[in-house]
Amino acid sequence: MLRIFLCLIFISTFGTTLAANETTTVNSNESKKVLRWVFNVAETGFDPAAARDLYSNGVNRSIFEGLYTYDYLASPAKLIPRTAAALPEVSADRKTYTIRLKHGVYFSPDPVFKGKKRELTMADYIYSFKRLMDPQLASSHAWLFAGKIIGLDQLVEEAKKNKKFDYDKPIKGLELLDPYTLRINLSEPDFNLGYILAYTPTGAVAREVIEAYRDSSGQVMANPVGTGAYMLAKNEWVRGSKIVLVTNPLYRTEFWNFEGSDSAEDKKIMAAMKGKRIPQIGRVEINVMIEDQSRWLAFQNGEVDIFELEGPLAPQALDKGVLKPALAAKGIQLSRITDPEVTMYYWNMQDPVWGGLSKEKIALRRAVALAHNINEEIERVYNGNALALQFPIPPGVVGHDPNYKNSIQFNPAAANALLDKFGYKKGADGFRRLPNGAPLEIRYTARTGSVGKLQTEIWKKTYDSISIRMKEDLLQFSEMLKAEKACQLQTRNAPWIADYPDGDNFMQLYYSANIGANNNGCMAIPAFDKLYVQSQKLPPGKERDALYHQMARLIEVYTPQQVGFARYRNMLSQARVIGYKKHPIIYGEWMYVDVDAPAKN
């Protein structure tokens with residue numbers, strides 16, 4: 001189990017990939033290597049400030065670089081520099097961070113640069129951080145900096161009044177000491193700022209690129225230009241079908257030099273990868289295949305190199321979490337972790353039927369939570385490939401409490417009695433009605449595909465057990481996220497995978513200021529908000545944990561959401577893949593792996 005301590009952020013010794021800052025092109029042997037990947041949903045686009053789904057951000061992480069990233073093998077997870085020269089220099093009061101940038105980091109070639117090499121500077125990060133807060137962009141990632149950086153919120157308020165964000169106005173919170181040195185001044189201590197600066201949305205963009213594509217074609221999401229190891233092959237991109245990444249010819253020289261554990265898996269990876277140039281893979285081909293069987297067949301045929309084995313397919317490859325002998329004999333490799341995630345069930349707190357803090361609305365939501373059999377869902381939908389949770393912070397994340405017991409447990413009899421008590425009487429058709437006699441119906445939303453269909457089936461059983469009519473609502477993934485952000489969905493299974501491995505990243509999901517961003521259930525409970533604000537002022541430890549317990553109990557009392565489960569992530573790779581290991585935070589580990597044979601055409 002991953003256990004992460006705050007001190008790891010600021011240690012000065014770490015496994016690093018850096019050997020030099022000079023920039024050279026990747027050699028021809030590396031550029032010929034191809035890795036095939038598959039997404040189970042369509043991408044939304046490639047702008048770190050605008051994309052909010054796991055898959056698009058996996059591509060974004062390869063194109064755009066934050067100041068920091070995570071060691072590929074270290075456990076517990078360890079923050080290391082990416083474009084920064086070192087970990088931040090932090091003042092004693094934790095309110096001032098001084099960060100120095102590497103020299104010789106270049107953006108990938110683009111016509112906007114008119115044939116010249118464009119070096120990354122700290123001014124690019126200042127622009128990128130401000131852009132997250134621009135009201136016109138309405139980034140769902142604004143919460144990362146809101147209320148934290150001195151002067152930034154005032155700049156946002158001025159932009160709302162003037163209808164234009166002043167990117168050129170200096171603020172005290174973002175001091176450019178020289179082209180390669182940035183000082184961040186915070187209004188309050190932020191114990192997670194190092195993690196935040198490793199999160200994909202804080203990756204650097206070039207202002208002239210954003211302005212050129214925004215003003216001339218409105219196609220920022222289709223023209224990503226970053227400093228990362230890869231760049232988008234725009235002429236090969238087929239939206240919702242195929243994404244191709246090729247090596248950035250201006251990417252700096254780095255070599256693989258990570259230190260793992262004494263496990264056989266880590267030793268094998270280190271022996272195979274140490275000293276190799278990063279990246280080894282010259283071309284990453286990502287196909288979008290929504291249907292489970294299509295993905296599985298493509299992997300079996302050798303047309304996909306690395307494959308995420310979701311729950312419905314698990315019995316075909318695994319036996320009690322272990323790779324079946326027939327697949328192991330073919331050299332197929334399994335990397336399996338418990339995702340640092342929580343799937344929550346929410347009931348939209350702004351919905352006229354389900355939202356509100358009155359006793360009858362609380363009773364309605366609590367009754368549904370009591371009626372839902374989480375363990376049955378795990379077995380039927382995910383074939384046992386998930387872990388039922390009690391606490392809103394999952395295992396492997398700082399703040400998790402393995403001994404916490406949720407007060408809401410499966411009890412359909414109690415659910416029905418609660419509905420009877422609060423006036424949700426059954427009509428002549430056998431279905432319950434609202435206390436005022438109006439019809440009662442729930443619209444349950446899931447993404448299209450086999451998993452979504454299984455989810456609707458299990459939830460239909462739940463609602464039938466308490467005589468509530470349920471309507472199935474299957475949407476494309478991008479459409480579902482758009483409606484959710486606007487608080488237009490009534491309920492769904494809402495998974496959240498850690499952006500950074502600290503409990504704050506999960507508790508912020510219920511903070512009212514994050515409605516429209518990450519607060520998917522549009523929850524606004526003043527007592528919770530008060531405790532959340534207090535928790536942000538504390539470092540990880542017993543005092544903050546005590547607040548987290550109070551916050552978890554408030555979620556149970558009002559039941560705007562219910563804790564569900566964390567999925568096991570099973571990643572299968574072909575025998576030709578070298579060095580792959582699923583990282584708990586990084587999605588899309590392409591730059592850290594190699595292949596030893598040509599791809600099958």
Side-chain angles (χ1 to χ4, degrees), residues 4-14 16 65-70 77-103 105 120-134 141-158 166-204 398 499-505 508 513 532-541 543-544:
I4 302 158
F5 299 92
L6 184 67
C7 63
L8 289 173
I9 302 177
F10 305 115
I11 56 177
S12 59
T13 58
F14 47 84
T16 178
E65 294 187 291
L67 288 160
Y68 300 102
T69 187
Y70 294 92
K78 183 167 63 174
L79 206 69
I80 62 173
R82 193 171 185 186
T83 62
L87 292 174
E89 301 165 18
V90 186
S91 63
D93 63 2
R94 304 287 185 181
K95 294 170 69 173
T96 300
Y97 285 61
T98 303
I99 304 169
R100 305 182 195 283
L101 190 66
K102 295 172 186 170
H103 293 237
V105 176
L120 174 73
T121 70
M122 278 300 191
D124 296 309
Y125 280 106
I126 291 177
Y127 172 76
S128 301
F129 298 165
K130 287 180 175 179
R131 187 167 174 260
L132 288 175
M133 302 295 290
D134 190 335
H141 308 294
W143 65 273
L144 294 168
F145 294 128
K148 298 178 180 180
I149 295 176
I150 295 174
L152 189 53
D153 292 280
Q154 290 86 340
L155 205 59
V156 172
E157 291 306 312
E158 291 173 10
D166 187 354
Y167 285 95
D168 296 312
K169 184 175 181 178
I171 58 173
K172 183 180 179 181
L174 297 171
E175 287 187 85
L176 187 63
L177 303 185
D178 62 55
Y180 302 97
T181 309
L182 171 65
R183 179 171 292 154
I184 302 177
N185 297 303
L186 303 173
S187 55
E188 297 287 347
D190 188 337
F191 296 93
N192 289 311
L193 187 62
Y195 289 144
I196 288 171
L197 297 178
Y199 183 32
T200 304
T202 65
V398 173
D499 302 317
Y500 51 86
D502 185 81
D504 175 74
N505 189 231
Q508 59 89 19
Y532 177 71
V533 171
Q534 292 178 30
S535 73
Q536 285 203 302
K537 299 176 182 178
L538 297 172
E543 189 177 356
R544 192 182 71 164

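These figures come from a predicted structure and were not determined experimentally.
Note that CG of Leu67 and OH of Tyr125 are 4.5 Å apart. Values are rounded to the nearest 0.5 Å. Between atom CD of residue Glu543 and atom CD of residue Gln534 there is a gap of 9.0 Å, rounded to the nearest 0.5 Å. A distance of 10.0 Å separates CG in Leu193 from OH in Tyr500, rounded to the nearest 0.5 Å. Between Asn192 atom CG and Leu144 atom CG the span is 10.5 Å, to the nearest 0.5 Å. Separation of atoms OH (Tyr127) and CG (Leu174) is listed at 14.0 Å; rounding is to 0.5 Å. Here the CG-NZ distance, from Leu152 to Lys130, works out to 8.0 Å after rounding to the nearest 0.5 Å.
A donor-acceptor pair under 3.5 Å links the side-chain atoms of Ser187 to the main chain of Lys148, judged by distance alone. Of the possible donor and acceptor atoms, one in the side chain of Asp178 sits under 3.5 Å from a partner among the backbone N and O of Thr181. Of the possible donor and acceptor atoms, none in the side chain of Glu158 sits under 3.5 Å from a partner among the backbone N and O of Leu155. Within the 3.5 Å criterion, the main-chain N or O of Ile150 finds no donor-acceptor partner in the side chain of Lys172. Listed for the Lys102 side chain is a donor-acceptor partner under 3.5 Å among the backbone atoms of Arg82. Side-chain N or O atoms of Asp124 include one that pairs as donor or acceptor with a backbone N or O of Thr121 at under 3.5 Å. The backbone N or O of Tyr199 sits nowhere less than 3.5 Å from a side-chain atom of Asp499 that would complete a donor-acceptor pair. Here the side chain of Ser535 pairs no donor or acceptor atom with the backbone of Asp504 at under 3.5 angstrom.
When all heavy atoms of Gln508 and Tyr532 are compared, the closest pair comes out as CB-OH, 3.1 Å. When every heavy atom of Tyr195 is checked against every heavy atom of Asp502, the shortest pair comes out as CE1-CB, 4.1 Å. Looking at every heavy atom in both residues, Gly147 comes nearest to Asp153 through N-OD2, 2.9 Å. In terms of heavy-atom proximity, Ser128 sits nearest to Ala204 at OG-CA, 3.5 Å. Closest approach of Pro540 to Val398, counting heavy atoms only: CB-CG1, 3.6 Å. The two atoms that bring Gly503 and Arg544 nearest to each other are N-NH2, 4.2 Å, heavy atoms only.
In this structure, Tyr180 and His103 have parallel ring planes: the angle between them is below the 30° cut-off, well short of the 60° mark.
Taking Glu89 as the reference, Arg100 meet the side chain to side chain donor-acceptor pair (under 3.5 Å) condition, with sequence neighbours excluded. Not counting sequence neighbours, Tyr70 has no partner by the side chain to side chain donor-acceptor pair (under 3.5 Å) test. For Tyr68, the ring-ring contact (aromatic ring centres under 6.0 Å, His included) criterion is met by no residue, not counting sequence neighbours.
Between Met133 and Ile149, the closest side-chain pair of non-hydrogen atoms is not below 4.5 Å. Taking 4.5 Å as the limit, every side-chain heavy atom of Leu182 sits out of range of all side-chain heavy atoms of Leu101. Two residues are said to be in side-chain contact when any heavy atoms from C-beta on lie closer than 4.5 Å; Leu186 and Tyr97 meet this criterion.
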If you apply the rule side chain to side chain contact (heavy atoms under 4.5 Å, CB included), what do you find for Ile99 with Met122, and how did you get there? CA-CA 9 Å; Ile99 304 169; Met122 278 300 191; 3.7 Å; yes
